[in-house]
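The structure appears below as structure tokens.
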2 protein chains.
Amino acid sequence: MSNIREVARRSGVSVATVSRTLKDPKVVSPQTRARVLKAVDEVGYRPNLLARNFSSGKSFAVMVLVPNIANPFFSRVIRGIEKAAQDQGYSVLLGDTKGQPANEQFYAGMALTNQADGLIQLDSSYPFADKDATLAASVPMVNACERIAEDDRYPVVELDNRGAAQAIAQHLMELGHSRIGVITGPVASPIVRDRLAGFRQALEKRGLQLDSERVTEGEFTMPSGQRGAEALLSAAHAPTAIFCMNDEMAIGAIHQAKKMGLTVPGDVSIAGFDNIEFSQFTDPPLTTIDQPAEALGRYAMETLRLMIDAKPLKSSRTILPFNLVLRESTGPLQDV
Amino acid sequence: MSNIREVARRSGVSVATVSRTLKDPKVVSPQTRARVLKAVDEVGYRPNLLARNFSSGKSFAVMVLVPNIANPFFSRVIRGIEKAAQDQGYSVLLGDTKGQPANEQFYAGMALTNQADGLIQLDSSYPFADKDATLAASVPMVNACERIAEDDRYPVVELDNRGAAQAIAQHLMELGHSRIGVITGPVASPIVRDRLAGFRQALEKRGLQLDSERVTEGEFTMPSGQRGAEALLSAAHAPTAIFCMNDEMAIGAIHQAKKMGLTVPGDVSIAGFDNIEFSQFTDPPLTTIDQPAEALGRYAMETLRLMIDAKPLKSSRTILPFNLVLRESTGPLQDV
DNA sequence: CTGAAAGCGCTAACAA
DNA sequence: TTGTTAGCGCTTTCAG
């Protein structure tokens, strides 16, 4: 592995000049530049970025904490993060936490040892260990898709979750439904509460109540959606429509409804959230909320970059718009 | 940010002793150790791993090149990589290449600037730019799930693809099918050729031919599976069973079959490959090949680690077993 | 426009 | 067991 000294020797200049040629070519004379570049070429020199980063005191890497990398929605967010990171000369370290504090603390801790310049947290928990809280205070972090519960120190990039849930509720009511069930995500999550609040509000605006017996908690997974649907649909006065707070749970719910001999949307309408690619291929295709996942990731990275560079943020909260996607999993209330 | 010097000063020892206390506590006396640890605690010292890595000449990071992070199969492989990496004190850099050479070259190039100590390539292409080939020769790399076409310089961790395709073929033949179609992945991929060869071999062993008109190329995506099925099923003498080389294409194929008014598996049996979680929730649930995805990732990381440490490999090829998962998307040939 | 030299924080060889 | 010191490869300040 060749180093800057070798290039310097070979081109008869100092290491400083080689460094300058590579970082800021226009400050060296054309002749020198040519000589240096020739030498670079001859020895196949690549700067050791480990040294450069060390020297600059930055890693030029960001750590992304993702609760579940197998969720295709997060994949899209990560894509957006990566694209923006690449544009800005940053690399992306992946931390699949499975929602477990131990993993979060491990990966978040990497920012305390200069392995990452900042964090993007896609979950709703404060990722640092309590004992690290003091040190962590100076670590740039942004929350994307989620919000850290009861902690407004960090900027947030999120969807208009409340509005999206309202849109779903309105859509279902317009179809004539009034007995509506909800399969939520973990209720500890602020966005779950946002969605629930928006949904409830929309119902109440039309004089309907969201019966608490028709609200069941899921885990954003297909099996939990299946279990939730089973609970809701086997009750007396079962709902004629179910709003699932992500597509995976909706897929589980459709599966369960069919298993119970019900038709979708004939007997029960089912709506999801996220618009993952699979939602187009379910039977029936899923009515859902499209989230601008890549944009969420991109804004998160751009915001984080500003924080890393200690530049002022335009706003500590970026709210992106949703889009209601109507497909065939929701339909008019059937006469009984 | 405190540094090792500050801790040294505070505890009245040299920086070397602080360093030793942290890396190899048993070589310092208990009293000294206690003093040092106390100081570490007081100033909230965390070693700057950027400096440590630089000093050691290694980044302790590996770059994972993944063609499509939205594919849940790869998510599981990445999980396995990450787990193993964490165990070994490595971090994981993510490079979502979308199968594009420019992206591969960009991310692979990070190993040439010491940002990664090695590469795990999940696609079938040689990821470096031609001009980097010489330098790249010394970069540790392992191929997982795929093989780099016509390049046996790198160790491989893969499935018994040939055997798996044979198992699918046998299963379909046992159900009475003889007009069998295949939706492949990109034919440039060696594993696609393996699967095709295995499949063909199994048919021929029973005196059946794999009609080339019943083989169509997909891209491992749901839309391409849908297109493939449309082509196969609208032909005269349409196949009564279709083997799709991944689950996503199978999901697209089921979608298309239903769209054409066909029942699955009544009119056409459809089998997938990978056993992604969604394959349990399709209607009907998918017969498929279970790949030990996490294990593939883990072995890849462990192999890469050996290469990074310049230790001998037990074998340049690790082949993991598959498991045929029978569900309801395949069924007996119906009388016509 | 270019060079000399200090220094980033840590490790490790060598001495004591 | 501990301290001194020389780097690791690069950037950057300060002179020239």
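Small disclaimer: the values here were computed from a predicted structure and weren't measured. The analysis underlying the following values was restricted to heavy atoms, covering all of them including side chains, and did not include hydrogens, waters or symmetry mates. Proteins get letters first, then strands, A, B, ... in listed order; numbering begins at 1 in each.
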Taking the side chain as every heavy atom from C-beta outward, state whether [X] and [Y] have any pair of such atoms under 4.5 Å apart.
{"X": "Y154(B)", "Y": "V142(B)", "result": "no"}
{"X": "R147(B)", "Y": "S124(B)", "result": "no"}
{"X": "P140(B)", "Y": "D117(B)", "result": "no"}

*Contact list for residues 105-114 of chain B, test side chain to side chain donor-acceptor pair (under 3.5 Å), sequence neighbours left out*: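 Every pair satisfying side chain to side chain donor-acceptor pair (under 3.5 Å) with a residue in residues 105-114 of chain B: E82(A)-Y107(B), Q86(A)-Y107(B), T113(B)-Q115(B).
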*Sugar-phosphate atoms are those with a prime plus P, OP1 and OP2; base atoms are the rest. Using that split, label each nucleotide of nucleotides 8-16 of chain D B, S or - for protein heavy atoms under 4.0 Å, 5' to 3'.*
BBBBBB---
*Residues two or more places apart in sequence or in another chain: which of them pass ring pair (Phe, Tyr, Trp, His ring centres under 6.0 Å) with Y90(A)?*
F60(A)
Rounded to the nearest Å, what distance is computed from the [atom1] atom of residue [X] to the [atom2] atom of nucleotide [N]?
{"X": "D24(B)", "N": "dT1(D)", "atom1": "CG", "atom2": "P", "value": "10 Å"}
{"X": "N114(A)", "N": "dC10(C)", "atom1": "CG", "atom2": "C1'", "value": "12 Å"}
{"X": "K58(B)", "N": "dA12(C)", "atom1": "NZ", "atom2": "P", "value": "12 Å"}
{"X": "N53(A)", "N": "dG9(C)", "atom1": "CG", "atom2": "C1'", "value": "14 Å"}

*Gap separating the CG atom of N53(A) from the CG atom of N48(A), nearest 0.5 angstrom*: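 One gets 9.0 Å once the value is rounded to the nearest 0.5 Å.
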